[in-house]
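Worksheet: one structure, shown below.
For ligands, and for the atoms within them, numbers begin at 1 and follow the listed sequence. These numbers come from the heavy atoms of this one structure, side chains and all, not from hydrogens, waters or symmetry mates.
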Amino acid sequence: MPTDDIGKKIQSLNIPSTVKLVAVSKTKPLEMIEEAYQYGQRIFGENYIQDAVPKIQNASHLPDIQWHFIGHLQSNKAQLAAQYFNMVQSVDSMKLAQKLNTAAGEFQKTLSVLIEINIGEEPQKHGISYRSVQKLMDFIINCPHLKLLGFMCIPPYGEEPRPYFQKMQSLFLKYKDAYHLTELSMGMSSDFQEAIQFGATMVRVGTKIFGKRNK
Ligand SMILES: *Cc1c(COP(=O)(O)O)cnc(C)c1O
């Protein structure tokens, strides 16, 4: 791959400067992350903790790089997530929040978190129902080592995403002021433009930057 290829791909996404781009580098080698970094990209998203930790350790020469955990996190991996990541976008239970809070405390850091909302109410999917979100928000804001910044969602696969993005936008606006929320993370390679129309402050793009994945 020519060295300016990843930079060109990021540029051609045309993300407005008010929206943060999370470059989803899961399964991709550190060389590709370095290439995006040289181009100016700083936030990277990973969702397999075992793959991510060695990459993060080997990326210590890249100052102010930020790692966001975007996959499902088993609570026995909370320790690793709190140690290596700047943000966990997929908090969906009090149990997980509790574990992340304790672990972040041990590393004397404040971990930024988003609550993952199962906006399509799909039984097989992770994330919590929007109906129980306030209870989880109230729990998290009382965790001294967590900083609640907002919500994340993945709309149902293969469906028109706009109605779901709209629901997320309403939910975000409902709680934004009272809970000082700043981030609404939604939109991936196939639908980030629609997500931005519905107020996404953060989009998570993998395939359109790094190419197809094998898993
Ligand atoms: C893989 C992944 C993405 C990126 O998906 P692409 O379609 O490759 O852009 C975004 N968000 C989450 C939670 C993911 O797991």
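Remark: Gln57 CD is packed, more than 12 non-hydrogen atoms of other residues, nucleotides or ligands lying under 6.0 Å away.
For the pair Arg204 and Ile154, the minimum side-chain heavy-atom distance is below 4.5 Å.
Protein residues are said to neighbour a ligand when one of their heavy atoms lies under 4.0 Å from it; for ligand 1 these are Val24, Lys26, Asn47, Ile70, Ile154, Met188, Ser189, Arg204, Val205, Gly206, Thr207, Arg213.
We find that Glu116 and Lys125 are not joined by a salt bridge, their nearest charged nitrogen and carboxylate oxygen being 4.0 Å or further apart.
Between the side chain of Glu160 and the main chain of Arg162, a donor-acceptor pair closer than 3.5 Å is present.
Using modelled atom types, one finds a donor on one side chain and an acceptor on the other under 3.5 Å when comparing His61 with Glu34.
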Can you give each donor-acceptor pair under 3.5 Å made by side-chain atoms of residues 15-23, sequence neighbours left out, with the distance rounded to 0.1 Å?
from  : atom 1 : to     : atom 2 : distance (Å)
Lys20 : NZ     : Glu183 : OE1    : 3.3
Lys20 : NZ     : Glu183 : OE2    : 2.6

